[in-house]
2 protein chains.
Amino acid sequence: MESNIAVAALSALAHPGRLEAFRLLVRAGSEGMAAGDIARATGSLPNTLSANLNVLAGAGLVQSRRDGRSIIYSAAYERMSDLLAFLVEDCCDGRSEICGPVVEKAARPLCGAPSC
Amino acid sequence: MESNIAVAALSALAHPGRLEAFRLLVRAGSEGMAAGDIARATGSLPNTLSANLNVLAGAGLVQSRRDGRSIIYSAAYERMSDLLAFLVEDCCDGRSEICGPVVEKAARPLCGAPSC
DNA sequence: TCCATATTTCGAGAATAATGGAATGAATTG
DNA sequence: CAATTCATTCCATTATTCTCGAAATATGGA
């Protein structure tokens, strides 16, 4: 992942409303959530939310598809994964004596995962 | 980690110059780097860099100590770890079938680490 | 076609962030 | 103490971002 793409992703997430919306989508899984439901869940105005979802989409962190009158947004797990990988790669640079514990701690909540 | 702290950290990293400086510090390890060396390495003006380091420090991502005329900055690994954990925790929410691969991929470059 | 629902786009005003020049503050050296 | 170096703070300008009301677009149903 290139640095400017990482900056775009970090930038998109560096906003309370967008971070909340993104978390919601990540939890919602691949089926995603309608824009209106996200607006209701986060208590934001439809137009404000739309602008925010657009920023997330521009950073490649979410994608959308139309379903009837609704537009369904879903998390782009691959981009998210790339961002995490970028930060971890950045962290360790081959010397695991410092960053091993960092990643270990981060992965601890995940102990049902294959990597654990 | 609370959401607003995560937003502050993401915000601090969501800037090309700051991200570059932070990466540099993370690579530099606990001994850290003098502000001037960072400025030289990143090609930024001292005052601009100072402002940016201040933002990173405000987000808890770096710390500083004086050594003679120089001020040595170093990465705050624990805060970084907390941020990664926050994103991962957010990601998985107990369902590892989606986010297991996400974290696995992110951790792949790190296979000398204890968690690998 | 007409209407209701769902979402986006447009536009403007307010707030916030980024940049760089100049001055200031600390520490070392002679 | 004077000179030098390293870094920060102050300040003004410019640029960007955020938010919300109002209008517009798209879909489905009566």
Side-chain angles (χ1 to χ4, degrees), chain A residues 3-25 28 31-76, chain B residues 3-25 28 31-76:
Chain A
S3 176
N4 56 325
I5 295 182
V7 167
L10 291 166
S11 223
L13 294 175
H15 177 284
R18 287 197 295 264
L19 184 57
E20 190 183 2
F22 183 69
R23 299 188 83 171
L24 215 51
L25 287 177
E31 62 268 34
M33 264 179 100
D37 292 339
I38 303 175
R40 237 162 284 126
T42 62
S44 41
L45 293 176
N47 55 356
T48 298
L49 179 75
S50 180
N52 284 332
L53 288 173
N54 209 39
V55 172
L56 287 169
L61 286 165
V62 304
Q63 56 232 338
S64 64
R65 65 194 145 88
R66 179 175 283 276
D67 177 31
R69 274 184 287 224
S70 296
I71 294 193
I72 312 291
Y73 282 86
S74 55
Chain B
S3 177
N4 55 326
I5 296 184
V7 167
L10 291 166
S11 226
L13 294 175
H15 178 284
R18 287 197 294 265
L19 185 57
E20 190 183 3
F22 183 69
R23 298 187 83 172
L24 216 51
L25 287 177
E31 62 267 34
M33 262 180 101
D37 292 340
I38 303 175
R40 237 162 283 126
T42 62
S44 42
L45 292 175
N47 55 354
T48 299
L49 179 75
S50 182
N52 284 333
L53 288 173
N54 210 38
V55 172
L56 287 169
L61 287 166
V62 304
Q63 56 232 339
S64 64
R65 64 194 145 87
R66 177 175 284 276
D67 177 32
R69 275 185 287 225
S70 297
I71 295 192
I72 311 291
Y73 283 86
S74 55

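Quick note on labels: first sequence line is chain A, next is B, and so on, each numbered from 1.
- With rounding to the nearest 0.5 angstrom, the CG atom of B:L10 is 12.0 Å from the CD1 atom of B:I5.
- C:dA17 atom P lies 14 Å from atom CG of B:L56, rounded to whole Å.
- Checking C:dA18, C:dT7, D:dT19 against the side-chain heavy atoms of A:S70 singles out C:dT7 as nearest.
- As a whole-Å value, the separation of B:D37 CG from D:dC6 P is 9 Å.
- Distance CG (B:N52) to C1' (C:dG20): 12 Å, rounded to an integer number of Å.
- Between the P atom of C:dA6 and the CZ atom of A:R65 lies a distance of 17 Å, rounded to the nearest Å.
- Atom CD1 of B:I38 and atom CG of B:L24 lie 6.5 Å apart (nearest 0.5 Å).
- The side chain of A:A35 lies closest to C:dT7, out of D:dA7, C:dA27, C:dT7.
- Counting non-hydrogen atoms under 4.0 angstrom, B:A34 reaches the backbone sugars and phosphates but no base.
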Nucleotides 10-16 of chain D: which of its N/O atoms have a protein N/O under 3.5 Å away?
none

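- In this structure, B:I71 atom CD1 and C:dA26 atom P are separated by 11 Å, rounded to whole Å.
- A:R18 comes within 4.0 angstrom of sugar-phosphate atoms only, judged by non-hydrogen atoms across all strands, and of no base.
- Of the possible donor and acceptor atoms, one in the side chain of A:R66 sits under 3.5 Å from a partner among the backbone N and O of A:G68.
- Phosphate proximity of C:dA6 to A:R66: absent, as no side-chain N or O sits under 4.0 Å from OP1 or OP2.
- Residues of residues 3-17 of chain A having a heavy atom closer than 4.0 Å to DNA chain C: none are found.
- Across B:G32 and B:R65, no two heavy atoms sit closer than the pair N-NH2, 4.4 Å.
- Counting only heavy atoms from C-beta on, A:R69 has its side chain closest to D:dG28 among C:dT28, D:dG28, C:dT7.
- Contact between the side-chain N/O atoms of B:T48 and the OP1/OP2 oxygens of C:dT19 is not found at any separation under 4.0 Å.
- Judged by closest nucleotide on DNA chain D, A:L45 is the one of A:L45 and A:D67 placed further toward the 5' end.
- Looking only at distances, no side-chain donor or acceptor of B:Q63 sits under 3.5 Å from a matching main-chain atom of B:Y73.
- One can place CG of A:L49 at 14 Å from P of C:dA6, the figure rounded to the nearest angstrom.
- B:L53 has its CG atom 16 Å from the P atom of D:dC6, to the nearest Å.
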Steps toward side-chain contact (heavy atoms from CB on, under 4.5 Å) verdict (A:N52, A:S44): CA-CA 10 Å; A:N52 284 332; A:S44 41; over 6 Å; no
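- In this model, the phosphate group of C:dA6 is not approached by any side-chain N or O of A:Y73 to a distance below 4.0 Å at OP1 or OP2.
- The shortest non-hydrogen separation linking B:L53 to B:A35 is CD1-CB, 4.3 Å.
- The shortest non-hydrogen separation linking A:A9 to A:A59 is CA-CB, 4.0 Å.
- A:L56 contributes atom CG, which lies 11.5 Å from atom OG of A:S64 (distance to the nearest 0.5 angstrom).
- Checking C:dT9, D:dC20, D:dC18 against every side-chain atom of A:S50, the shortest atom distance belongs to C:dT9.
- With rounding to the nearest 0.5 Å, the separation of CZ in B:R40 from CG in B:L49 is 11.0 Å.
- Here D:dC6 presents its P atom at 12 Å from CD1 of B:I72, a figure rounded to the nearest Å.
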